[in-house]
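First the proteins, then the strands, lettered A, B, ... as listed; each starts at 1.
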Amino acid sequence: MLPSSFYQKTDVIYLAKKLLGKAIYTNINNELTAGIIVETESYRGVNDKASHAYNNKRTKKNEAMYLEGGNIYVYICYGIHHLLNVVTNKKDIPHAILIRAIEPTIGIDVMLKRRNKKKENYSLTAGPGSLTQALGISILHNMKSLNDKEIWIEDVNNEIEEYNIIKSPRVGVSYAKEDALLPWRFRIKDNPWTSKAI
DNA sequence: CCAGGGATGGACT
DNA sequence: GTCCATCCCTGGT
C-alpha cells in the first residue's frame, strides 16, 4: 500500500505519470480484484479550466477534491458512469488524477460478472466508466481513503520510464478552452489495455 | 422550480 | 460512423 506521503506530493503531473504501472486493488463484498494502471489524466485544481474545482468551485459533489491527498473522488458522469479519481496534494488544494484504464490481473472472473460479459477482451477495463464497474467502485466510495482495506494502490516494482509514456490532450474537455490542449493524458506506450478515446 | 448538461460506453447501421 | 441512456447538481427564472 502506498504511503499517504506519496499522494500528498504537490506535482499532480508527476504523480499521474508515477501512477502508471502501479497496481490498484479492490476488496469489495469479499471479492478481490486488481489491475495495473495504464492510463491517467491530471486535473490541476483551481487554475485548470477542465477541473471540477476550477475557480475554487466547491460543492457537495466535488467536496472530495478538497480532502488531503490519498482520498478518493468518485462522481457520476452522464448519469450512468462512475468515474474514479485519486485526490492529490494537501488538504484544500483540489488536485486529482482520473484513472482512465487498467490492465486486469486478479479476479478477472469477478470483473466479467460485474461487467456482464462472457469473455475477456480489451473492453473489460479500458475506459474510466468500465474499470470502475469491473473493480466494483461506485459513488458509495466517494470521499473514502486509499489507505484502506476496500480500495488501495500498491507499488509492484514496475516503473514506467518517461520515454514509454504517451502524452496527449485530455479526453472530453473541449469546453476548457486553452487548457483543453494541455498534454495531461498519460498512457503506457504499446499497452493494448488503454482506452480507445482519440 | 425545473431545464440543461456532463472527465462515457454500448448498441446499432 | 451515429445515437442515446439516465443521474443529479447547478444556475437561472
Exercise. Does anything in residues 62-90 of chain A reach DNA chain C, meaning a heavy atom under 4.0 Å, and if so which residues?
Worked result: Y78(A), G79(A), I80(A)

Problem set entry | Distance (rounded to the nearest 0.5 Å) between L146(A) CG and L2(A) CG | 8.5 Å

Exercise. Do the side-chain N and O atoms of N89(A) and Q8(A) include a donor-acceptor pair separated by under 3.5 angstrom?
Worked result: no

For this session: May I ask you to list the residues of residues 133-141 of chain A, by number, that have any heavy atom positioned under 4.0 Å from an atom of DNA chain C?
Result: none

For this session: Return yes if some donor-acceptor pair links the side-chain N/O of R170(A) with the main-chain N/O of E41(A) below 3.5 Å, else return no.
Result: no

Exercise. Do side-chain atoms of T40(A) reach the backbone of A16(A) as a donor and acceptor pair under 3.5 angstrom?
Worked result: yes

Exercise. How far does the C1' atom of dG1(C) sit from the matching atom of dA7(B), given to the nearest Å?
Worked result: 23 Å

Problem set entry | Pair D11(A) + K18(A), salt bridge at N-O below 4.0 Å | no

Problem set entry | Nearest-Å distance once atom C1' is located in both dC8(C) and dG10(B) | 22 Å

Exercise. Excluding sequence neighbours, so at least two apart, what forms side chain to side chain contact (heavy atoms under 4.5 Å, CB included) with T59(A)?
Worked result: K57(A), K61(A), N62(A)

For this session: Dot-bracket notation for DNA chain B is requested: 5' to 3', Watson-Crick or G-U wobble pairs only, both distances under 3.5 Å, with ( ), [ ], | and . as defined.
Result: ||||||.|||||.

Problem set entry | Sidechain N-carboxylate O distance under 4.0 Å for K167(A), E162(A) | yes

Problem set entry | Neighbours of DNA chain B within residues 97-112 of chain A, by heavy-atom distance under 4.0 Å | L98(A)

Seminar exercise, completed: Those residues at least two apart in sequence (or on a different chain) that pass side-chain hydrogen bond (donor to acceptor under 3.5 Å, both in side chains) with D179(A) are none

Problem set entry | Remaining members of hydrophobic cluster (4.5 Å side-chain criterion), Y175(A) | Y43(A), M65(A), Y66(A), Y73(A), Y75(A), L83(A), V87(A), L98(A), V173(A)

Problem set entry | Electrostatic pair D109(A):R114(A) at N-O distance under 4.0 angstrom | no

For this session: Scan side-chain atoms only and decide if T194(A) and R185(A) contain a donor-acceptor pair under the 3.5 Å cut-off.
Result: no

Seminar exercise, completed: Footprint ends on DNA chain C, 5' to 3', for atoms under 4.0 angstrom from a heavy atom of chain A, come out as dA5(C) to dT10(C)

Problem set entry | Nucleotide interval of DNA chain B bounded by contacts with chain A (heavy-atom cut-off, under 4.0 Å) | dG6(B) to dG10(B)

Problem set entry | Donor-acceptor side-chain pairing of S51(A) and R44(A) below 3.5 angstrom | no

Exercise. Under the 4.5 Å side-chain heavy-atom rule for ILVMFWY, direct or indirect, which residues accompany M143(A)?
Worked result: L67(A)

Exercise. Nearest 0.5 Å, what's the CD1-CG distance between I24(A) and L84(A)?
Worked result: 5.0 Å

For this session: With heavy atoms under 4.0 Å as the rule, sort A50(A) into base, sugar-phosphate or nothing.
Result: base

Exercise. Side chains of S145(A) and N147(A): donor-acceptor distance under 3.5 Å anywhere?
Worked result: no

Problem set entry | Donor-acceptor contact below 3.5 Å, side chain T26(A) vs main chain E150(A) | no

Seminar exercise, completed: With sequence neighbours left out, the residues meeting ring-ring contact (aromatic ring centres under 6.0 Å, His included) with Y14(A) are none

Exercise. Side-chain heavy atoms under 4.5 angstrom apart, residues restricted to Ile, Leu, Val, Met, Phe, Trp, Tyr: same cluster for V110(A) and L124(A)?
Worked result: no

For this session: Taking only heavy atoms on the protein side, list every residue of residues 181-192 of chain A lying under 4.0 Å from any atom of DNA chain B, sorted numerically.
Result: none

For this session: Name the nucleic acid region contacted by S123(A), choosing base, sugar-phosphate or nothing; use a 4.0 angstrom heavy-atom cut-off, strictly under.
Result: nothing

Exercise. Going by heavy atoms in the side chains, are P169(A) and W184(A) under 4.5 Å from each other?
Worked result: no

Exercise. Between E39(A) and R100(A), does at least one N-O distance fall below 4.0 Å, as a salt bridge requires?
Worked result: yes

